[in-house]
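Below: one structure, written as structure tokens.
Just so you know, ligand 1 is whichever comes first in the structure, and atom 1 is the first atom listed for that ligand. Reckoned from all heavy atoms, side chains included, excluding hydrogens, waters and symmetry mates.
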Amino acid sequence: MKIVVLTGAGISAESGVATFRDADGLWENHRIDDVATPEGFAADPELVQRFYDARRAALATVAPNPAHVALADLEKVLGEDLLLVTQNIDDLHERGGSRRVLHMHGQLLSALCVDCHRRSPWVGPLLGTAECPHCGYGVLRPDVVWFGEMPYFMDEIFEALTTCDLFVSIGTSGAVYPAAGFVQQARAFGARTLELNLEPSDGTHFFHEARHGRAGELVPAWVDELVHA
Ligand code: NAD
Ligand code: ZN
């Protein structure tokens with residue numbers, strides 16, 4: 001059975017990483033437009049670098065929770081039949097043991113050169129750092145996909161959505177496109193669809209089945225059910 005799992009900020013909530021739809025559209029007390037758009041970066045690059053530098057530093061204070069670990073266990077069983085797509089920019093899936101993860105919205109632990117467009121693994125702050133290690137002169141920005149920018153791996157994701165048997169959406173509000181449309185895409189191509197979220201998402205009615213509760217409980221229970229079916 002081929003499965004595509006899409007995760008959002010809700011899967012990392014129990015690890016202590018703040019989601020953003022839950023706090024009146026603010027992300028760690030900042031307006032989304034200020035810290036998650038190219039216009040925000042152009043207007044105040046220092047604020048934006050500081051914001052992501054703080055998110056990157058905060059990764060050291062959090063750990064994967066049972067939901068991340070359960071998905072890594074599922075990968076051990078399914079191998080290439082599981083595609084894990086995440087909207088999260090944290091590294092908790094990898095630290096939970098997942099090896100095949102597509103970060104469609106980029107990653108905190110990566111820097112992108114605005115000039116040569118190459119990426120460099122990045123662990124420290126970006127504010128005040130030197131030039132791009134590749135070209136030697138370009139400015140580095142967080143390798144994060146902002147509103148108005150094209151998400152990564154879209155061809156690969158659409159291919160998987162159209163050929164999977166099951167699509168599962170975990171901890172995502174269903175408010176951010178194109179990810180919010182994956183359920184309809186998968187369903188149109190014949191997949192069964194399941195939502196696991198704290199509360200009904202904006203697109204909950206598109207799913208064949210929805211279970212509501214904490215990811216740390218719902219995800220291990222679902223994986224267990226699948227593996228022992
Ligand atoms: P979102 O913040 O819009 O929605 C989170 C969803 O998770 C909500 O529907 C909420 O009800 C649910 N939720 C909260 N706690 C939960 C729990 N314990 N168990 C299960 N569900 C829970 O997040 P989104 O849909 O991923 O979209 C927001 C965008 O923000 C993403 O593109 C992402 O790049 C970015 N973001 C990422 C992180 C991260 O990397 N961890 C954190 C915040 C925002
Ligand atoms: Zn460069």
May I ask you to check whether H208 and T193 show a side-chain donor-acceptor distance below 3.5 Å? yes
Verify, without hydrogens or angle tests, whether [X] (side chain) and [Y] (backbone) share a donor-acceptor contact under 3.5 angstrom.
X: E195; Y: S201; value: yes
X: N197; Y: I170; value: no
X: R141; Y: P38; value: no

Could you list which atoms of ligand 1 come closer than 4.0 Å to a heavy atom of [X]?
X: E14; result: 17 (C), 18 (N), 19 (N)
X: A13; result: 15 (N)
X: G171; result: 5 (C), 6 (C), 7 (O), 21 (N)
X: I89; result: 39 (C), 40 (O)
X: A215; result: 17 (C), 19 (N), 20 (C)
X: G8; result: 26 (O)

For ligand 1, is any non-hydrogen atom under 4.0 Å from V17's backbone (N, CA, C, O), its side chain (CB onward), both, or neither? side chain
Backbone, side chain, both or neither: what part of A9 comes under 4.0 angstrom of ligand 1, heavy atoms only? both
Taking the basic N atoms (NZ, or NE/NH1/NH2) and the acidic carboxylate oxygens, is any pair closer than 4.0 Å for R100 and E156? no
Salt bridge present between D53 and R50 (N-O < 4.0 angstrom): no
With a cutoff of 4.0 Å, is A18 in contact with ligand 1, counting heavy atoms of the residue only? yes
Heavy-atom contact check, 4.0 Å cutoff: does G213 meet ligand 1? yes
Compare [options] and give the one whose heavy atom is closest to [atom].
atom: atom 33 (C) of ligand 1; options: R55, Q87, Q107; result: Q87
atom: atom 24 (P) of ligand 1; options: I32, I170, V176, T172; result: T172
atom: atom 32 (O) of ligand 1; options: M104, H105, H212; result: H105

Measure the acute angle between the ring planes of F182 and F158, then classify it against the limits of 30° and 60° as parallel, tilted or perpendicular. perpendicular
Do the rings of H68 and H93 sit parallel, tilted or perpendicular, given the 30° and 60° boundaries? perpendicular
Let me check your reading of the structure: within less than 2.8 Å of the Zn ion (ligand 2), is there an N/O/S atom from H134? no
Can you confirm if the NZ or CZ of R55 lies within 45° of the ring axis of F51 and under 6.0 Å from the centre of its six-membered ring? yes
Is there any N or O on R214 that sits under 3.5 Å from an N or O of ligand 1? no
State, to the nearest 10 degrees, the angle whose vertex is the Zn ion (ligand 2) and whose arms point to SG of C116 and SG of C135. 120°
Check each of E217, E225, E199 against R211 using the salt bridge (Lys or Arg N to Asp or Glu O under 4.0 Å) test, and report the only one that passes. E225
